[in-house]
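First the structure, in the form of structure tokens, and then the observations on it.
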Amino acid sequence: MKFPAATCGLVLPFFARSVLAGATYSLSDSIVGEGFYNAFNFEAIPDPTNGRVNYVDQATAQSLNLTYATSNTFIMRADDTTVLSSSGPGRNSVRIRTNNQYTTHVAVYVCKTAYCRIQLARWRTLVRYNVRSPALTVLQGEVDIVEGVNNVEPNQSTLHTSPSQCVVPESLLPVKHDLLLLVNGNAGCGVKLTEDYNSFGPGFNNIGGGWYAIERTNNYISIWFWERGDASAPSDATSGAATIDTSNWGTPAAYFPNTDCDLATHFAANGIIINLTFCECS
């Protein structure tokens with residue numbers, strides 16, 4: 001089966017909490033364009049999610065044109081030309097992880113339309129925060145910010161935690177409410193962004209992309225999405241400002257409080273993973 005190229009262009013500013021105000025953050029890291037090659041590590045490893053995929057290292061990815069960058073844009077995608085055999089290895093693809101890790105912080109993801117044509121890949125988790133042991137068996141908290149299958153809209157943002165009791169009030173979640181990694185088929189705790197079906201897939205491409213943002217504190221984890229043409233999108237999130245104030249950002253698209261889940265205990269310092277994987281075709 002042949003797949004179209006799956007690419008994503010991203011700019012990632014990271015903000016650390018300021019001591020001056022409760023919801024004000026100051027810029028600590030900004031990853032743009034060619035800076036991704038210094039800030040991220042290419043992981044040529046077996047897929048921890050058991051997808052049919054062959055993750056390659058940076059040199060191989062660049063030689064195969066699965067990644068390239070300019071001064072202000074970073075591209076990663078999967079092979080779209082090889083015809084696979086049913087018994088052979090999976091499709092060449094890319095999985096990258098930040099060298100730094102983050103706890104309480106805000107991150108804004110800028111995804112541009114021309115580079116976000118992520119169609120017909122069987123399963124995609126474009127932006128994921130997680131930490132696992134070296135054996136990749138013990139999860140210390142995971143946040144899937146952008147997650148979906150094929151062209152199914154809208155986006156679903158999902159949390160997973162270590163194997164101990166941790167739930168989010170069911171009234172807040174239209175999908176699953178148990179965060180346990182190994183419960184409900186590893187479904188975790190997901191929120192579908194039903195108020196904006198342009199948050200994923202063809203609709204996302206058609207509107208020219210947009211901005212995703214996450215705020216992680218010990219009291220809650222919030223995720224926002226704004227379309228590129230959204231006049232209400234906060235200027236500090238979209239302009240690359242040196243400081244931001246999340247109290248002016250309005251109601252998040254997904255909200256996970258610590259009501260029955262001690263986030264500080266269940267979520268360690270997280271690395272950021274961006275990957276494109278494929279499920280087996282049945």
Side-chain angles (χ1 to χ4, degrees), residues 1-10 12 36 40-58 60-62 64-68 74-98 109 111 115-133 135-139 141-160 175 181-182 184-188 190 192 199-202 204-205 212 270-282:
M1 182 177 294
K2 182 177 177 180
F3 295 89
T7 64
C8 192
L10 292 165
L12 306 183
F36 273 75
F40 282 81
N41 175 52
F42 282 67
E43 296 188 314
I45 61 174
D47 185 13
T49 63
N50 300 315
R52 191 182 180 208
V53 66
N54 179 47
Y55 289 129
V56 299
D57 60 26
Q58 180 178 333
T60 303
Q62 289 177 308
L64 296 176
N65 201 31
L66 300 184
T67 180
Y68 58 92
F74 173 75
I75 305 295
M76 56 180 286
R77 57 187 178 183
D79 165 44
D80 70 327
T81 60
T82 304
V83 178
L84 302 180
S85 69
S86 59
S87 59
R91 190 167 298 280
N92 286 339
S93 187
V94 179
R95 173 186 169 98
I96 62 175
R97 179 196 295 264
T98 49
Y109 300 83
C111 201
Y115 310 107
C116 290
R117 304 205 172 272
I118 42 177
Q119 300 169 351
L120 299 183
R122 296 282 291 179
W123 184 268
R124 300 182 295 275
T125 304
L126 290 186
V127 184
R128 166 186 292 157
Y129 284 59
N130 79 358
V131 172
R132 294 176 185 261
S133 71
L136 296 174
T137 55
V138 179
L139 185 73
E142 175 176 312
V143 184
D144 296 332
I145 301 173
V146 182
E147 182 179 57
V149 180
N150 292 329
N151 289 330
V152 178
E153 302 166 333
N155 174 53
Q156 178 171 303
S157 298
T158 305
L159 268 61
H160 303 274
V175 191
L181 173 65
L182 300 178
N184 298 320
N186 194 18
K192 290 185 177 180
S199 57
F200 189 82
F204 184 86
N205 296 334
Y212 272 97
N270 292 145
I272 298 169
I273 296 172
I274 307 175
N275 71 286
L276 177 63
T277 189
F278 301 89
C279 294
E280 291 280 2
C281 296
S282 57

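Keep in mind that what you see is a predicted model, and the values were worked out from it rather than measured.
The nearest pair of heavy atoms linking Phe278 to Ala78 is CZ-CB, 3.6 Å. Looking at every heavy atom in both residues, Gly201 comes nearest to Glu153 through C-OE2, 4.1 Å. The shortest non-hydrogen separation linking Asn155 to Val146 is OD1-CA, 3.2 Å. Between His160 and Asp144 the shortest heavy-atom distance is NE2-OD2, 3.5 Å.
No donor-acceptor pair under 3.5 Å is formed between the side chain of Arg77 and the backbone N or O of Leu276. In terms of modelled atom types and a separation under 3.5 Å, the side chain of Thr98 and the main chain of Phe40 share no donor-acceptor contact. Panel note: side chain Ser93, backbone Asn54; no donor-acceptor pair is recorded below 3.5 Å. Under a 3.5 Å cut-off, the side chain of Tyr212 and the backbone N or O of Ser199 do form a donor-acceptor pair.
The CZ atom of Arg52 sits 13.0 Å away from the CG atom of Asp47 when rounded to the nearest 0.5 Å. With values rounded to the nearest 0.5 angstrom, Ile273 atom CD1 is found 11.5 Å from Ile145 atom CD1. The distance from atom OG1 of Thr81 to atom CG of Leu64, rounded to the nearest 0.5 Å, is 8.5 Å. In this structure, the separation between CD1 on Ile45 and CG on Asn275 is 9.0 Å, given to the nearest 0.5 Å.
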ask   = After noting the C-alpha distance and the side-chain angles of Leu66 and Asn92, does the key distance pass the side chain to side chain contact (heavy atoms under 4.5 Å, CB included) rule?
value = CA-CA 8 Å; Leu66 300 184; Asn92 286 339; 4.0 Å; yes
task = Kindly indicate, with the supporting measurements, whether the criterion side chain to side chain contact (heavy atoms under 4.5 Å, CB included) is fulfilled by Phe36 and Thr67.
result = CA-CA 10 Å; Phe36 273 75; Thr67 180; over 6 Å; no
inquiry  = Val56 vs Phe42, test: side chain to side chain contact (heavy atoms under 4.5 Å, CB included). Steps then yes/no.
reply    = CA-CA 7 Å; Val56 299; Phe42 282 67; over 6 Å; no
query = When you look at Ile96 and Phe74, which way does the side chain to side chain contact (heavy atoms under 4.5 Å, CB included) test go after all the steps?
reply = CA-CA 12 Å; Ile96 62 175; Phe74 173 75; 3.8 Å; yes
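Evaluation of the salt bridge (charged side-chain N to carboxylate O under 4.0 Å, His left out) rule for Glu43 yields Arg95, Arg97 as partners, not counting sequence neighbours.
Residues Tyr109 and Ile272 form a side-chain contact, since some pair of their non-hydrogen atoms from C-beta on lies under 4.5 Å apart.
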